[in-house]
K.L.:
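First the structure, which I've put down as C-alpha cells, then a few questions once you've had a look.
Positions are given from 1 along the sequence. Computed from heavy atoms alone, side chains included, the values below leave out hydrogens, waters and symmetry copies. Counting starts at 1 for both ligands and their atoms, following the listed order.
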Amino acid sequence: MSAFKGLKPILYGGREVWPLVEGGKGVAATNHMSSGAWAAAGGIGTVSAVNADSYDAEGKIVPQVYNALTRKERHEELIRYAIDGAVEQVRRAYDIASGKGAININVLWEMGGAQQVLEGVLERTRGLVSGVTCGAGMPYKLSEIAARFNVSYLPIVSSGRAFRALWKRAYHKVAHLMAAVVYEDPWLAGGHNGLSNAENPRKPEDPYPRVKALRDTMRAEGVSDDVPIVMAGGVWFLREWNNWIDNPELGAIAFQFGTRPLLTEESPIPQAWKDHLRTLEPGDVLLHKFSPTGFYSSAVRNPFLRALEARSERQVPYSKVAAGEHTVQLDVGVKGKNFWVTPADLDRARAWFGAGFTTALRTPDDTVIFVNQAERDEIRKDQADCMGCLSHCGFSSWKDHDDYTTGRLADPRSFCIQKTLQDIAHGGDIDQNLMFAGHAAYRFKQDPFYSNNFTPTVKQLVDRILTGD
Ligand SMILES: Cc1cc2nc3c(=O)[nH]c(=O)nc-3n(C[C@H](O)[C@H](O)[C@H](O)COP(=O)(O)O)c2cc1C
Ligand code: SF4
C-alpha cells in the first residue's frame, strides 16, 4: 500500500479546520463534551439536536418526564425539551471549542416537529452554530431555514439521485450556504440508513462509484468541486481511503466518523455501552427494518434486537374470509372467527400458544404476530405513552400534523424508539435497548490503538486519525 497522503485543512465557518467530522448521534450519543472536544481538536463537531439533554441547577441531567394527558400536548412538551436541550448543548460545546474547529448541529427531518425544533434552536444560538446537517427523509426546507439564520447547511444523502431532487426543488436557490454534501453509506453507517427500494439490503455496493456519481450530479448542477463530499459510513483508518484524497475525479473530500468517536473519554454514552464495543465481532451489527420511522437502521444485534427478530418470526398472514390457501380458522390468540390461515400456520400458531405466546396482535399488513403477556403489556403501554417524537410513527400510528394519525394500524413488530434511545443513553440495560452502531464496530477489537483497554481522548483520536490510522 502506498504511503498515506495526509489531509490538508479546509476553510469552513470562516476558519481553517480539518476535513474531519464527528457525525451527529441521537439520542444524546454526541453532546457538548464530544462535539466541543472534536472542534477543539480542529475538526467539525456535531451536537445532536434530537431530544438533547438539559441540566438542572446542580448540573444533573433533567429527566424528560411527560405530564400532559394527550399525545398532542406531550408532543408540545417534547419540542420544548428538545429546543432547551439543544440550545444548552450548543452553548457548552461552543465554550469547549474555544474558537477552534467548528460546531454543527444535527436534526432528523423525520423527527416530530423537526422544523419547529430547528428554528427554535437556531434562534437562540446565533453566532454559535456553523452549520446544520440533516438527513432521514427529504429535507427540502433545510436550505430556506439555513438562509433565514445565515448558517451553512449540509444535506445527508445516500445517492446522487436524492441530491438531485433536493437541489432541483430547493437548494439551488441557496447555493452559497451549502457547505458540503454528506454521502452516508446506506449499508455501513450506524443509525438510520437511507436505502431506497431499488437497493438490496443484503448487497452492499462499493461507495467509490456512488460518490463519483454524486460528484458528477453535483457538477452537472454547477456545484464547485471545492464543495466537499463528506464520506460517512465504515470509515476507520484513513490510509484505506488514500485513493479518495486529492483525487480530481471526486473533488474535495472530507470524512465523517460516527462509530469510532463512541469510544472516547468525552463520549457521553454509558460505560457499559463503551465496554461492549470492544467485544464486537464481524456480523454483530445488523441492518434491519424494525425502526418505527420505516427506514432501515444499523444496531448491535443484542437481545433487544433478537427479540424483535423472533417476534416477527412468530407471524402468520390471515384473511377475513376463507380464501385460497387460507382454509382453516385460527383458534388460539385471537377473539372471533375472522382469522383464516393455512393449516400449516395453524399448527405453528398452536405451538407458539403452547409455549406461552398467547396473544395474537394484528399488524398493518394483514398478519398477526404472537407475543407473551409481558410483551403485550409493554407494547400497549409504550403505545399509550407516546409523546409524538416522529413525524410519522409506524409503532403508534402517531403523525405530527393534520389529524395526528397515520391512518394505519399501529405495528406491534416495531417499538418506541424514543423510549429505548433515551434509556440506553442514560444508563439503561444495554441488552434490552436499541444500541445503534456502524458495521465497522468490530474493528475496535482488532485495532491495536484500543488494546489494554485504552480509551483515547477526542484529541488523541483526531491526532491518530490524522496519521492515517
Ligand atoms: C449511535 C449512533 C447514533 C446516530 N444517530 C444519528 C442521528 O441522530 N442523526 C444522523 O444524521 N446520523 C446519526 N448517526 C450516523 C452518524 O452521524 C454517522 O454518519 C455514521 O455513524 C458514520 O458511519 P460509521 O458509523 O461507520 O462511523 C448515528 C450513528 C451512531 C453510531
Ligand atoms: S411511539 Fe413512536 S412517535 Fe411515539 S414516542 Fe415512541 S417512537 Fe416516538
Side-chain angles (χ1 to χ4, degrees), residues 21-30 34-35 46-52 64 66 71 74-75 78 104-113 132-137 139 154-158 182-194 207 230-236 255-263 267-269 273 277 285 291-295 297-300 379 381-400 404-406 410-411 414-422 424-425 434-443 465:
V21 185
E22 179 208 21
K25 286 168 278 176
V27 170
T30 51
S34 62
S35 58
T46 311
V47 166
S48 167
V50 181
N51 297 107
Q64 301 192 3
Y66 294 86
R71 249 185 349 182
R74 289 196 293 271
H75 173 68
L78 174 118
N104 282 348
I105 60 173
N106 171 257
V107 290
L108 300 175
W109 198 247
E110 292 297 330
M111 72 190 200
V132 181
T133 60
C134 182
L154 303 84
I156 305 170
V157 298
S158 295
V182 183
Y183 171 79
E184 205 177 58
D185 189 303
W187 292 275
L188 293 177
H192 284 108
N193 301 114
V230 183
M231 173 62 210
V235 183
W236 202 269
F255 296 94
Q256 173 161 308
F257 296 80
T259 297
R260 266 192 98 167
L262 286 173
L263 187 49
S267 162
I269 64 171
W273 185 351
L277 289 170
V285 172
S291 169
T293 56
F295 293 115
S297 68
S298 296
V300 175
I379 291 167
K381 179 173 185 334
D382 290 351
Q383 285 170 340
D385 287 348
C386 171
M387 60 296 252
C389 79
L390 300 174
S391 67
H392 298 75
C393 178
F395 177 64
S396 68
S397 298
W398 155 267
K399 188 171 76 176
D400 71 354
Y404 300 102
T405 167
T406 61
D411 195 336
S414 188
F415 58 95
C416 177
I417 199 163
Q418 177 63 212
K419 176 186 130 179
T420 191
L421 291 184
Q422 285 285 355
I424 196 163
L434 184 71
M435 196 191 308
F436 276 149
H439 293 259
Y442 69 89
R443 299 188 70 169
I465 288 169

K.L.:
What residue and heavy atom of the protein are closest to atom 21 (O) of ligand 1, and at what distance?
P.N.:
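For this ligand atom, the closest protein heavy atom is G258 CA, 3.2 Å.
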K.L.:
Write out the residue and atom name of the closest protein heavy atom to atom 28 (C) of ligand 1, then the distance separating them to 0.1 Å.
P.N.:
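Protein heavy atom with the smallest distance to atom 28 (C) of ligand 1: K25 CG, 3.4 Å.
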K.L.:
Out of curiosity, is S48 lining ligand 1, as in a heavy atom under 4.0 Å away?
P.N.:
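Per 4.0 Å heavy-atom rule, S48 does not contact ligand 1.
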K.L.:
I need the nearest protein heavy-atom contact for atom 8 (O) of ligand 1: residue, atom name and distance, please.
P.N.:
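Going by distance alone, atom 8 (O) of ligand 1 is nearest to G26 N, 2.9 Å.
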K.L.:
Within the structure provided, determine whether T259 and H439 are in side-chain contact (heavy-atom separation under 4.5 Å).
P.N.:
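Sidechains of H439 and T259: no contact.
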K.L.:
Looking only at distances, can you tell me whether any N or O atom of G190, backbone or side chain, sits closer than 3.5 Å to an N or O atom of ligand 1?
P.N.:
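Checking ligand 1 against G190, an N or O pair does fall under 3.5 Å apart.
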K.L.:
Could you tell me, atom by atom, which parts of ligand 1 come under 4.0 Å of a heavy atom of N106?
P.N.:
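Heavy-atom distances to N106 below 4.0 Å select 7 (C), 8 (O), 9 (N), 10 (C), 11 (O).
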K.L.:
Does T259 reach ligand 1 with a nitrogen or oxygen that is under 3.5 Å from one of the ligand's nitrogen or oxygen atoms?
P.N.:
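Yes; the residue has a nitrogen or oxygen that sits under 3.5 Å from a nitrogen or oxygen of the ligand.
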K.L.:
So is there a nitrogen or oxygen of G233 less than 3.5 Å from a nitrogen or oxygen in ligand 1?
P.N.:
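Yes, G233 has an N/O under 3.5 Å of an N/O on ligand 1.
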K.L.:
Side chain or backbone, does A29 bring an N or O within less than 3.5 Å of an N or O on ligand 1?
P.N.:
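So ligand 1 has no N or O lying under 3.5 Å from an N or O of A29.
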K.L.:
Can you tell me how the ring of W398 sits relative to the ring of H75, calling it parallel under 30°, perpendicular over 60° and tilted otherwise?
P.N.:
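Ring orientation, 0 to 90° scale: tilted.
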K.L.:
Applying the side chain to side chain contact (heavy atoms under 4.5 Å, CB included) criterion to C386, which one of C416, S396, P292 satisfies it?
P.N.:
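Looking at C416, S396, P292, the match for C386 under the side chain to side chain contact (heavy atoms under 4.5 Å, CB included) is S396.
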K.L.:
How about K25 and P261: do any of their side-chain heavy atoms sit closer than 4.5 Å?
P.N.:
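When only atoms from C-beta onward are counted, P261 and K25 do touch, with a gap below 4.5 Å.
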K.L.:
Okay, side chain of S397, backbone of T405: is any donor-acceptor separation there less than 3.5 Å?
P.N.:
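No, S397 side chain to T405 backbone: no donor-acceptor pair under 3.5 Å.
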K.L.:
Please evaluate residues E110 and S391 with respect to the criterion side chain to side chain donor-acceptor pair (under 3.5 Å), reporting the C-alpha separation (whole Å), side-chain torsions for both, the decisive distance (0.1 Å), and the verdict.
P.N.:
CA-CA 5 Å; E110 292 297 330; S391 67; 2.6 Å; yes
K.L.:
Quick one, V230 and T133 - any side-chain contact, counting heavy atoms below 4.5 Å?
P.N.:
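In short, these two side chains do not touch, never coming nearer than 4.5 Å.
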K.L.:
Can you list the ligand 2 atoms lying under 4.0 Å from a non-hydrogen atom of I417?
P.N.:
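Ligand 2 atoms under the 4.0 Å threshold to I417: 7 (S).
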K.L.:
Quick one: nearest non-hydrogen protein atom to atom 18 (C) of ligand 1, plus distance?
P.N.:
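Result: Q256 NE2, 3.5 Å.
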K.L.:
When you check the space around atom 4 (Fe) of ligand 2, which protein N, O or S atoms turn up under 2.8 Å?
P.N.:
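Less than 2.8 Å away from atom 4 (Fe) of ligand 2 sit C386 SG.
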K.L.:
Taking heavy atoms and a distance under 4.0 Å, where does L108 meet ligand 1: side chain, backbone, both or neither?
P.N.:
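It is the side chain that touches ligand 1; the backbone stays farther off.
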K.L.:
Can a donor-acceptor pair be found, under 3.5 Å and without considering hydrogens, that links the side chain of S414 to the backbone of G394?
P.N.:
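No; judged by distance alone, with no hydrogens or angles, the pair does not exist.
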K.L.:
Is the shortest N/O to N/O distance between W273 and ligand 1 below 3.5 Å?
P.N.:
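There is no such contact.
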K.L.:
L421 versus F436: any side-chain heavy-atom pair under 4.5 Å?
P.N.:
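A side-chain contact exists here, since the closest heavy-atom pair is under 4.5 Å.
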K.L.:
So is G234 touching ligand 1 or not, going by heavy atoms under 4.0 Å?
P.N.:
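The answer is yes, since G234 has a heavy atom less than 4.0 Å from ligand 1.
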K.L.:
For atom 6 (C) of ligand 1, what is the nearest protein heavy atom, given as residue, atom name and distance?
P.N.:
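Going atom by atom, the protein heavy atom closest to atom 6 (C) of ligand 1 ends up being G24 O, 3.1 Å.
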